[in-house]
Amino acid sequence: MELASDFEKAKKTEIPQRTLCRTVRQYSSRPIPEEDMKKLLEIAEDCRRVKNYVYARYGGLSGLPKLYPGYTVQNEMTKSGLRDSMKMPSVYFYLAVFDALGDIKCQWTRTRTKLLELVEKNENFSAEEKHYLCFLLKVNNAFEGVLNRREAVLPGEIQKRYEEIAAAVDTERLKRYLCRQVRKYHVKLHTDFASGFSVSERAYRYADHGIYISVKEKRKRIFVPLTDNNRYSRQIRVCLFSQEHRLEIHVPVDVSVKEHEEYVNLVGVSMGYHVMLTTDRGEQYGAELGKYQTEYAEWMRIQTGIYNRNRSSNPGRKKYGDKKRRFTERIHSYINHELNRFFETEKPRTVYIARLPGFLKGGVNRRINHSVSMWQRGYIRSRLEQKCREQSVELVEVYAKDISRECSVCGTSGRKKDGIFICEACGRTEEEKTNTAQNAKKRGLEDGRRAAGD
């Protein structure tokens, strides 16, 4: 009995498996009939109208106190009578409302992030003034109170802290500054695109190698055959491609984070246009990426010229869109394949990579500028981050200034010629991306030692 009791306690205290959310895509297997596509587009158009209504009514300053948790907005939208006037099913109406609320919250987050950057860069503010403004931007009630010209109600300890910070600055001047910046940078959202809608599990059913989706007619569903037999029971997103008579279903699923005992290596990497990743040992992954990207960029350049010359004749864009999508899918498939190969081969415990700068101003060669603008570095970085989380691998960003010009052995500045790094101080030569990856690993390890107090 005691053993059984201990076993039950152990089960209760077992550490839950860590999970991540990822998006799974399902595709229609054959063209959707015109009549069915029209019904789906009608739902998407209704959702667009509802979202624009919410954007206009709650996207400004007066809507701030109603955003969290959002039930006030839901109740007001019910009383507004908009759903009845549109004869819209509730399963679509309320999901559109909450989708719009999520977009508004994201927009306010972007606004706050922008203002925090401005405050940090403003040399006219003292440290106390910056502290006060950052406090307002990070505490919801305080931020909303300033914008709506009323005193915020804060919890006891936070209120005391606020009064201490406010006593050292001219609060009225700083509040006026904050309101001016919000008026300047905050944008009310609006969408002109009816390209999809969210669906709760009550409004669809998987069967017959496809999915049945509810439409606006009572007790009516349309059938869409799918390319797979996977079934899910959660909220999904239907994305419509009316010109191609097809749809995609985006499903958020929880996946378990994998733990690998054999992943023990510390790996520095350098990202490039022609070679996706180069490690500190000189191994290359994605060596064909430059060829794919150059081919894509050249095709885009030619197509843009053709379109601009024939704009008056309204040339069709369906073939253009199809081929562009195929180019992008091929590149993304190759990137994911090479990243998987990187993890399987390198078995990293920690990956060190330079923090990427923003895109610099273009040079005089338009063809090169166009090719660089097509570089999939944002996608590569996001996929690397996602795969690191899925494989329990630590991804460390390091300071990137002069990382490609510094010798990884002696630390002095060298020069690059024909893809080779040359250090005139110690005489070392190395492939430039390998040298950069070695510097990334070196800086990451040094930062780790300093953080540990060694």
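Residue numbers run from 1 in the order of the sequence given. FYI, side chains are in, hydrogens and waters are out, and symmetry mates aren't considered; it's all heavy atoms of this structure.
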For a quick check under 3.5 Å, do [X] and [Y] share a side-chain donor-acceptor pair by atom type?
{"X": "Y94", "Y": "T78", "answer": "yes"}
{"X": "Y177", "Y": "N124", "answer": "no"}
{"X": "N148", "Y": "E144", "answer": "yes"}
{"X": "Y68", "Y": "N140", "answer": "no"}
{"X": "Q107", "Y": "H186", "answer": "no"}
{"X": "E259", "Y": "S392", "answer": "yes"}
{"X": "Y58", "Y": "E76", "answer": "yes"}
{"X": "R383", "Y": "Q386", "answer": "no"}
{"X": "K130", "Y": "N122", "answer": "no"}
{"X": "R221", "Y": "S214", "answer": "yes"}
{"X": "Y285", "Y": "E346", "answer": "yes"}
{"X": "N52", "Y": "R57", "answer": "no"}
{"X": "Y162", "Y": "E157", "answer": "no"}

Taking all atoms of both residues into account, what is the closest heavy-atom pair of [X] and [Y], and its distance?
{"X": "L95", "Y": "V199", "result": "CD1-C, 3.7 Å"}
{"X": "Q26", "Y": "N230", "result": "NE2-O, 3.1 Å"}
{"X": "L395", "Y": "L384", "result": "CD1-CD2, 4.2 Å"}
{"X": "L240", "Y": "A44", "result": "CD1-CB, 4.1 Å"}
{"X": "K105", "Y": "L67", "result": "CE-O, 3.1 Å"}
{"X": "Y55", "Y": "K188", "result": "O-CD, 4.2 Å"}

Which label fits [X] and [Y]: parallel for a plane angle under 30°, tilted from 30 to 60°, or perpendicular past 60°?
{"X": "F223", "Y": "Y212", "result": "tilted"}
{"X": "Y206", "Y": "Y204", "result": "perpendicular"}
{"X": "F343", "Y": "Y263", "result": "parallel"}

- Message: I'd like to know whether M77 forms a side chain to side chain contact (heavy atoms under 4.5 Å, CB included) with V54, so could you lay out the CA-CA distance, the side-chain angles of the two residues, the decisive distance to 0.1 Å, and finally the verdict.
- Response: CA-CA 8 Å; M77 290 296 293; V54 176; 3.9 Å; yes

Looking only at atom types and distance, does a side-chain atom of [X] sit under 3.5 Å from a main-chain N or O of [Y], one as donor and one as acceptor?
{"X": "S85", "Y": "L82", "answer": "yes"}
{"X": "K216", "Y": "M86", "answer": "yes"}
{"X": "N265", "Y": "P348", "answer": "no"}
{"X": "N439", "Y": "I403", "answer": "yes"}
{"X": "Q293", "Y": "Y273", "answer": "yes"}
{"X": "S28", "Y": "L247", "answer": "yes"}
{"X": "R30", "Y": "P225", "answer": "no"}
{"X": "R349", "Y": "L266", "answer": "no"}
{"X": "H250", "Y": "V238", "answer": "no"}
{"X": "E431", "Y": "K433", "answer": "yes"}

With a 4.0 Å cut-off, would you call [X] and [Y] a salt bridge?
{"X": "R326", "Y": "E329", "answer": "no"}
{"X": "E338", "Y": "R341", "answer": "yes"}
{"X": "K38", "Y": "E35", "answer": "no"}
{"X": "E385", "Y": "R381", "answer": "yes"}
{"X": "R246", "Y": "E248", "answer": "yes"}
{"X": "K51", "Y": "D99", "answer": "no"}

Mark yes when over 12 heavy atoms from residues, nucleotides or ligands other than [X] sit less than 6.0 Å from its [atom1]; otherwise mark no.
{"X": "E151", "atom1": "CD", "answer": "no"}
{"X": "K220", "atom1": "NZ", "answer": "no"}
{"X": "H190", "atom1": "NE2", "answer": "yes"}
{"X": "R110", "atom1": "CZ", "answer": "yes"}
{"X": "R149", "atom1": "CZ", "answer": "no"}

- Message: To the nearest 0.5 Å, what is the distance between CD1 on I32 and CE on M37?
- Response: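 If we round to the nearest 0.5 Å, I32:CD1 and M37:CE are 4.0 Å apart.
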
- Message: Before you tell me yes or no, could you show the steps for T278 and V269 under side chain to side chain contact (heavy atoms under 4.5 Å, CB included), namely the whole-Å CA-CA distance, both residues' side-chain angles and the distance that decides it to 0.1 Å?
- Response: CA-CA 5 Å; T278 304; V269 297; over 6 Å; no

- Message: Could you go through K324 and Q303, starting from their C-alpha distance and side-chain angles, then the distance that decides it, and tell me whether this counts as side chain to side chain contact (heavy atoms under 4.5 Å, CB included)?
- Response: CA-CA 10 Å; K324 182 179 179 181; Q303 292 299 313; over 6 Å; no

